[in-house]
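Single-structure report; data block below.
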Amino acid sequence: VSQSRYWGGGYNAAVSLVMEVKGLSWYDSIVYLANAYNVPLEHEDASPEQATQRDEIKAKRDEAEKAMQIALSYYAGNRGDEAFVQWMEARKLTADDVDIWGLGWAPHNAKHLTTELQRKGLYATGVEIGLIKDKSEGGQVKIYDTLRSRITIPIKDVFGRVIGLAGRFVETAKLDKNPPKFVNPSESFYYHKSKVLYGLNEASKAIRQRKEVMIVEGYADVWALHKAGYTNTVAHCGKFVTQEQLRILRQLCDKLVVS
């Protein structure tokens, strides 16, 4: 992509608007618009090998997006489950909150999503992006859904695309002994926790307006602070705030408050 080709007229207005609202660089804004309107980008001076590699990467990401959408649809369809409803009511989360954050429910069904992804020819992709567990134990291969008996929490990139699914175990559910409270997305070509901030897609406008961002640790902290009016709140994914995350936030504001 050549900046000179697009810098002017309607292109300039559209790109400038995305840069302002989303807080993205010029190039990332071009990519955002191209993805939003399904317009292929032409990369100048790309060799045949580079073009082939780019097409392969795009095809891989397209498959990952399809698998993720299947998972999101499945989990959203389980919101009527009693365990999900009780957990939301106990935390005073409304139906609007559920919609805003895209929360869902992964029931105690070990292979429903796995079976669906297999049927769609997306099994390998599901394993690679962490939707399916595929491991050997005692000489046998065990295959099952990664998230079971958990509140599902979509994690988005700066473009608003879901790139990972976390899961919060619900204590009333019956599962393995002492399961971890949270299961976070596994690292893959599709998800890099060091470059992701939970809630950024929802908070970016408020961050730019207030010229300040609040950084917290947990998903639920983000929900609670947004409900309280602190809509410029995000959470770092991982144990620490990384340089990549700080770089993203510096494009949006000057002041960072770490809670």
Is there a side-chain contact between [X] and [Y] (heavy atoms, below 4.5 Å)?
| X | Y | answer |
| --- | --- | --- |
| I129 | I163 | no |
| K193 | E187 | yes |
| W223 | I100 | no |

Practice prompt. Verify the distance criterion only: is there a donor paired with an acceptor across the side chains of Y230 and D221 at less than 3.5 Å?
Written response: no
Discussion item. Restricting to side-chain contact (heavy atoms from CB on, under 4.5 Å), what partner residues turn up for A224, sequence neighbours left out?
Written reply: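 By the side-chain contact (heavy atoms from CB on, under 4.5 Å) rule, A224 matches no residue at all.
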Item to complete: Output all residues satisfying side chain to side chain donor-acceptor pair (under 3.5 Å) with R247, sequence neighbours left out; order by chain, then residue number.
Response: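 None.
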Worksheet entry | All side chain to side chain donor-acceptor pair (under 3.5 Å) counterparts of R210, not counting sequence neighbours |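 Expected list: T231, N232.
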Practice prompt. Apply the test side chain to side chain contact (heavy atoms under 4.5 Å, CB included) to residues S149 and F169: give CA-CA distance (whole Å), side-chain angles for both, the deciding distance (0.1 Å), then the verdict.
Written response: CA-CA 6 Å; S149 298; F169 180 67; 4.2 Å; yes
Worksheet item: Between atom CZ of F189 and atom NZ of K60, what is the distance when rounded to the nearest 0.5 Å?
Response: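 Output value for this atom pair is 5.0 Å.
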Fill in: Separation of L249 CG from I207 CD1 (nearest 0.5 Å)
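Interatomic distance, I207 CD1 to L249 CG, rounded to 0.5 Å: 6.0 Å.
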Fill in: Matching residue for L113 among I70, L147, T146, I132 - test: side chain to side chain contact (heavy atoms under 4.5 Å, CB included)
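Of all the options given, the one that passes is I70.
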Discussion item. Is there a salt bridge (charged side-chain N to carboxylate O under 4.0 Å, His left out) between R79 and D99? Walk through the geometry before answering.
Written reply: CA-CA 11 Å; R79 289 174 177 174; D99 286 338; 3.0 Å; yes
Item to complete: Mark yes when over 12 heavy atoms from residues, nucleotides or ligands other than Q118 sit less than 6.0 Å from its CD; otherwise mark no.
Response: yes
Discussion item. Looking at D62 and K66, is there a salt bridge between them, counting it only when a charged N and a carboxylate O are closer than 4.0 Å?
Written reply: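 Looking at K66 and D62, the cut-off is not met.
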